[in-house]
Amino acid sequence: MITTVFFDLDHTLWDFEKNSEKAFDTIFRLKHQNINTSAFIEKYIPINQACWKLYQNDKITHEELRYNRLKHSFDALNYAISDLEINQMADDYIHFLPENNYLFDGAIEILDYLSSKYQLHIITNGFAEVQYKKIKNSKIDGYFQSITNSEMAGAKKPNPIIFEHALSKANAKKENTIMIGDCLDADVGGALNFGIDAIFFNPYNIEVQNSIKQVKHLLEIKKHL
């Protein structure tokens, strides 16, 4: 019997791509008016995803992630920008990002539904100070009993250490716990390898094994819980 539900935050509840585009649009309007936000985002999204995969597997540092995802995106656009400007933009981005708080469709409704039946928690690889702001500013903080981030755990999903830390913090047992997230490797694979059940949030209809529980819309979680 499931008693505890762990959610990922970015790309699962909190619409990272939409909020990210809004943050960059603000930055470009203030300081780089000749950059087309849509053209930048088209390059940035896959580069950011690739950088995050390296980061979650400890191949690059926090600072390298912040710098590389911008540097490689501007290189892909053939846009000349100094390292000083990139580092300032990285700071500005972290400032503006949590000011935009679009959630995925159905997020509040599914949290209302689940919170009446289960204890809800968050496990995130995101940077602590930014994640807390996202959760608070989007007004979903009241749904969660605990928030585990990679900085406090000393490890990132899919490392079992972060799941162990979250389970201990939630005072939960593996057999009574399920993880919901958008990343097959970090969320689903990490959870299953650790020994807890998982649901893959798959709004982009990625092909996965039939054995993996998946939902394409958050409200479909009701079919499983």
Side-chain angles (χ1 to χ4, degrees), residues 7-53 55-56 65-66 68-70 72-74 76-77 79 86 89-114 120 122-144 147 149-150 157 180-188 199-206 214-221:
F7 271 99
D8 178 45
L9 181 62
D10 293 332
H11 308 282
T12 300
L13 294 170
W14 200 81
D15 193 336
F16 183 90
E17 307 300 5
K18 185 179 288 188
N19 294 320
S20 186
E21 183 170 358
K22 293 289 184 183
F24 279 120
D25 194 53
T26 299
I27 292 168
F28 296 156
R29 282 189 287 106
L30 289 172
K31 298 181 179 179
H32 297 272
Q33 292 89 348
N34 54 336
I35 298 177
N36 179 278
T37 303
S38 296
F40 175 84
I41 289 295
E42 184 179 348
K43 302 294 185 184
Y44 177 79
I45 287 175
I47 289 170
N48 183 51
Q49 290 172 345
C51 287
W52 267 101
K53 189 163 187 176
Y55 176 69
Q56 74 188 21
L65 167 66
R66 281 169 49 114
N68 289 350
R69 63 186 179 182
L70 292 175
H72 295 167
S73 297
F74 287 121
L77 281 176
Y79 184 84
I86 288 176
M89 188 177 294
D91 290 340
D92 292 341
Y93 175 70
I94 293 300
H95 171 75
F96 287 115
L97 184 61
E99 300 303 312
N100 303 285
N101 293 289
Y102 289 96
L103 300 173
F104 275 96
D105 186 42
I108 296 298
E109 186 176 340
I110 198 62
L111 290 175
D112 281 335
Y113 168 80
L114 293 174
L120 306 185
I122 281 179
I123 310 179
T124 173
N125 282 351
F127 310 138
E129 64 171 306
V130 184
Q131 300 304 75
Y132 285 125
K133 287 179 182 177
K134 292 175 184 175
I135 293 165
K136 182 179 179 181
N137 291 350
S138 57
K139 297 180 172 57
I140 59 173
D141 50 324
Y143 290 103
F144 299 103
I147 300 165
N149 63 66
S150 55
K157 296 175 292 184
I180 302 171
D182 73 291
C183 183
L184 274 174
D185 292 332
D187 299 315
V188 178
I199 297 173
F200 177 41
F201 177 51
N202 189 15
Y204 304 112
N205 204 25
I206 298 168
Q214 65 170 310
V215 297
K216 296 178 174 62
H217 189 283
L218 288 175
L219 294 182
E220 292 177 16
I221 293 170

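Start at 1 with the first residue, then count along the sequence.
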Asks: With sequence neighbours excluded, tell me which residues meet side-chain hydrogen bond (donor to acceptor under 3.5 Å, both in side chains) with Lys53.
Replies: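 Asp185.
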Asks: Could I get the full list of side-chain contact (heavy atoms from CB on, under 4.5 Å) partners for Ser138, not counting sequence neighbours?
Replies: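 Once residues adjacent in sequence are excluded, the partners of Ser138 under the side-chain contact (heavy atoms from CB on, under 4.5 Å) criterion are Trp14, Asn101, Leu103, Ile140.
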Asks: What do you reckon, are the aromatic ring centroids of Tyr79 and Phe40 less than 6.0 Å apart?
Replies: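 Centroid distance Tyr79-Phe40: not below 6.0 Å, so no.
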Asks: Is it true that a side-chain atom of Asp187 and a backbone atom of Asp182 form a donor plus acceptor pair closer than 3.5 Å?
Replies: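 Indeed, once roles are kept as given, a pair shorter than 3.5 Å links the two residues.
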Asks: Quick one: are Leu114 and Tyr143 in side-chain contact, heavy atoms under 4.5 Å?
Replies: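 Not touching, per the 4.5 Å side-chain cut-off.
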Asks: Taking C-beta and beyond as the side chain, do Pro203 and His11 meet within less than 4.5 Å on heavy atoms?
Replies: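 No, side chains not in contact.
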Asks: Can you confirm whether the side chains of Ser150 and Asn125 place a donor and an acceptor under 3.5 Å from each other?
Replies: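 Not at all, the side chains of Ser150 and Asn125 share no donor-acceptor pair under 3.5 Å.
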Asks: Taking only residues two or more places apart in sequence or in another chain, which ones pass salt bridge (Lys or Arg N to Asp or Glu O under 4.0 Å) with Glu109?
Replies: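 Per chain and number, Glu109 pairs via salt bridge (Lys or Arg N to Asp or Glu O under 4.0 Å) with Lys222.
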Asks: Hey, are the side chains of Pro98 and Tyr132 touching, using non-hydrogen atoms and a 4.5 Å cut-off?
Replies: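 Heavy-atom side-chain distance check fails, nothing below 4.5 Å.
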Asks: Could you work out, with salt bridge (Lys or Arg N to Asp or Glu O under 4.0 Å) as the rule, every residue matching Asp10, not counting sequence neighbours?
Replies: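 Applying salt bridge (Lys or Arg N to Asp or Glu O under 4.0 Å) to Asp10 gives Lys134.
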Asks: What I'd like to find out is whether the side chain of Phe7 reaches to under 4.5 Å of the side chain of Leu111, using heavy atoms alone.
Replies: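 When only atoms from C-beta onward are counted, Leu111 and Phe7 do touch, with a gap below 4.5 Å.
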Asks: Using the salt bridge (Lys or Arg N to Asp or Glu O under 4.0 Å) criterion, which residues pair with Lys31? Sequence neighbours excluded.
Replies: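 Lys31: salt bridge (Lys or Arg N to Asp or Glu O under 4.0 Å) contacts with Asp92.
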Asks: Supply the atom-to-atom distance Phe96 CZ to Phe24 CZ, rounded to the nearest 0.5 angstrom.
Replies: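 These two atoms lie 12.0 Å from each other.
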Asks: Can you tell me how far the CD1 atom of Ile123 sits from the CD1 atom of Ile180, to the nearest 0.5 Å?
Replies: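 Between Ile123 CD1 and Ile180 CD1, I get 11.0 Å after rounding to 0.5 Å.
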Asks: Look up atom CD1 in Ile41 and atom CD in Glu17, then write down how far apart they are to the nearest 0.5 Å.
Replies: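 Here the rounded value is 7.5 Å.
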Asks: Can you name the ring pair (Phe, Tyr, Trp, His ring centres under 6.0 Å) partners of Tyr55, sequence neighbours left out?
Replies: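 For Tyr55, the residues satisfying ring pair (Phe, Tyr, Trp, His ring centres under 6.0 Å) (neighbours in sequence not counted) are Trp52, Phe127.
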Asks: To the nearest 0.5 Å, tell me how far Thr26 OG1 sits from Glu21 CD.
Replies: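 One finds 10.5 Å between OG1 of Thr26 and CD of Glu21.
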Asks: Under a 4.5 Å cut-off applied to non-hydrogen side-chain atoms, are His32 and Phe74 in contact?
Replies: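 No, side chains not in contact.
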Asks: With no hydrogens and no angle check, do the side chains of Asn149 and Gln131 hold a donor and an acceptor under 3.5 Å apart?
Replies: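 The criterion, which ignores hydrogens and geometry beyond distance, is not satisfied for Gln131 and Asn149.
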Asks: Check whether Asp25 reaches the backbone of Thr37 with its side chain - one donor and one acceptor, N or O, closer than 3.5 Å.
Replies: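 The answer is no, because no donor-acceptor pair under 3.5 Å joins these two groups.
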